[in-house]
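Worksheet for the structure shown next.
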Amino acid sequence: RICYKKNKTMILKDTVKQIVESFLSNKDYYLVDIIVTKDNRISVEIDHFEGVSIDFCIELSKEIESGLDRETEDYELEVSSAGLTEPFKVLKQYEKNIGNEVEVLTKAGIKMTGVLKSSDSEKITLQLEKQIKPEGAKRKITVSEDTEIPFENIKSTKYIIRFK
């Protein structure tokens with residue numbers, strides 16, 4: 001008995017990235033991540049400052065499929081919005097979350113929670129609240145302090161979801 005396996009070519013991440021970036025070029029959506037596994041499972045994560053609709057994911061999915069050839073490339077495709085609880089992967093995610101509460105883990109292992117005040121290509125500014133006891137006072141008071149953290153010192157940053 002002889003089994004023939006369909007010749008399966010590896011889909012290149014760059015090929016998918018070109019299709020996605022071309023499709024998003026004149027839209028307010030942005031690419032967060034692309035993963036292509038050895039067995040051609042393609043995962044594309046996108047985001048938008050106002051959120052991502054299922055309809056837009058379907059549109060992008062169809063665009064990617066039209067740029068790939070099913071006859072030569074067998075693949076599985078998933079297009080989704082960036083996960084709310086996932087660490088940030090691109091600068092635009094920091095920009096989107098200015099004014100929101102985030103948790104930053106530094107490479108030194110220090111965890112900080114505060115409001116993201118600003119971000120640029122080199123650093124973020126986090127507004128932290130600290131309890132201090134003024135000299136002569138009986139009780140501690142809460143003060144806000146802005147702290148700059150260079151990206152090179154950040155291991156991960158996540159949006160904090162609070163239910164009140």
Side-chain angles (χ1 to χ4, degrees), residues 12-14 16-61 63-64 76-164:
L12 298 176
K13 183 177 179 177
D14 285 345
V16 178
K17 187 176 182 180
Q18 284 173 357
I19 296 167
V20 173
E21 286 180 342
S22 172
F23 184 74
L24 298 179
S25 66
N26 60 352
K27 297 171 181 64
D28 290 334
Y29 291 82
Y30 55 91
L31 178 62
V32 174
D33 198 14
I34 294 176
I35 298 169
V36 180
T37 64
K38 288 178 185 163
D39 58 350
N40 284 345
R41 288 177 191 223
I42 306 165
S43 176
V44 177
E45 258 184 273
I46 57 170
D47 209 347
H48 185 281
F49 281 80
E50 304 297 320
V52 179
S53 72
I54 291 172
D55 290 341
F56 190 82
C57 288
I58 292 168
E59 271 183 62
L60 177 56
S61 180
E63 182 70 18
I64 295 167
E76 186 178 308
L77 175 62
E78 175 186 304
V79 175
S80 64
S81 61
L84 214 52
T85 58
E86 294 296 310
F88 297 171
K89 297 176 184 174
V90 296
L91 182 59
K92 281 201 183 268
Q93 288 179 292
Y94 285 89
E95 293 169 8
K96 176 184 177 180
N97 283 286
I98 289 174
N100 291 332
E101 193 173 14
V102 296
E103 177 185 275
V104 177
L105 177 62
T106 66
K107 289 181 180 172
I110 299 165
K111 200 179 270 190
M112 294 178 260
T113 301
V115 175
L116 183 61
K117 295 281 286 204
S118 67
S119 70
D120 60 34
S121 60
E122 296 172 13
K123 67 187 176 320
I124 64 169
T125 302
L126 203 59
Q127 182 182 34
L128 303 172
E129 289 190 351
K130 293 184 176 185
Q131 294 282 320
I132 62 163
K133 188 174 178 188
E135 200 172 312
K138 292 183 179 179
R139 293 190 179 144
K140 289 183 177 182
I141 61 167
T142 303
V143 295
S144 293
E145 178 180 286
D146 287 355
T147 302
E148 288 186 350
I149 309 165
F151 279 113
E152 63 194 27
N153 296 344
I154 297 175
K155 183 174 183 179
S156 68
T157 302
K158 293 181 180 182
Y159 171 72
I160 293 184
I161 302 169
R162 294 224 192 263
F163 298 100
K164 294 179 180 179

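Numbers for residues simply follow the sequence, beginning at 1.
Between the side chains of T37 and D39, a donor-acceptor pair is found at a separation under 3.5 Å. With 3.5 Å as the limit, one finds no donor-acceptor pair spanning the side chains of E129 and T142.
Within 6.0 Å of the NZ atom in K89, the count of heavy atoms belonging to other residues, nucleotides or ligands exceeds 12. Within 6.0 Å of NZ in K107 there are more than 12 heavy atoms belonging to other residues, nucleotides or ligands. No more than 12 heavy-atom neighbours from other residues, nucleotides or ligands sit within 6.0 angstrom of CD on E50. In the displayed structure, K130 atom NZ is contacted under 6.0 Å by at most 12 heavy atoms of other residues, nucleotides or ligands.
Under the 4.5 Å side-chain criterion, counting only non-hydrogen atoms from C-beta, I161 is in contact with T85. Side-chain contact between I19 and E63 is present, with heavy atoms from C-beta onward closer than 4.5 Å. Side-chain contact between Y159 and Q93 is absent, with no heavy-atom pair separated by less than 4.5 Å. Residues I42 and I35 form no side-chain contact, since every pair of their non-hydrogen atoms from C-beta on lies 4.5 Å or further apart. Side-chain atoms of K133 and R139, non-hydrogen and from C-beta on, never get closer than 4.5 Å to each other. Side-chain contact between L31 and K17 is present, with at least one heavy-atom pair separated by less than 4.5 Å. Within the 4.5 Å cutoff, the side chain of L126 has heavy atoms near those of the M112 side chain. Here the side chains of F56 and L24 are in contact, with some heavy-atom distance below 4.5 Å.
Just one of V32, V90, V20 meets the side chain to side chain contact (heavy atoms under 4.5 Å, CB included) condition when paired with E45; it is V32.
With rounding to the nearest 0.5 Å, the separation of OG in S119 from CD1 in I98 is 4.5 Å. With rounding to the nearest 0.5 Å, the separation of CG in L128 from CD in E145 is 6.5 Å.
Considering all non-hydrogen atoms of both residues, K92 and F49 come closest at O-CZ, 3.9 Å. C57 and V52 make their closest contact through SG-CG1, 3.6 Å (heavy atoms, listed as atom of the first residue, atom of the second, distance). Minimum heavy-atom separation, A82 to D47: CB-OD2, 3.8 Å.
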- Do E78 and R41 pass the salt bridge (Lys or Arg N to Asp or Glu O under 4.0 Å) test, and can you show the C-alpha distance, the side-chain angles, and the key distance before you say yes or no? CA-CA 8 Å; E78 175 186 304; R41 288 177 191 223; over 6 Å; no
- Task: May I have the step-by-step check of side chain to side chain contact (heavy atoms under 4.5 Å, CB included) for I110 and L105, ending in yes or no?
- Result: CA-CA 6 Å; I110 299 165; L105 177 62; over 6 Å; no
- Mind running salt bridge (Lys or Arg N to Asp or Glu O under 4.0 Å) on E86 and K158 for me, showing each step along the way? CA-CA 6 Å; E86 294 296 310; K158 293 181 180 182; over 6 Å; no
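Ring geometry for Y94 versus F88: interplanar angle over 60°, hence perpendicular rather than tilted (30 to 60°).
Within the 3.5 Å criterion, the main-chain N or O of K123 finds a donor-acceptor partner in the side chain of D120.
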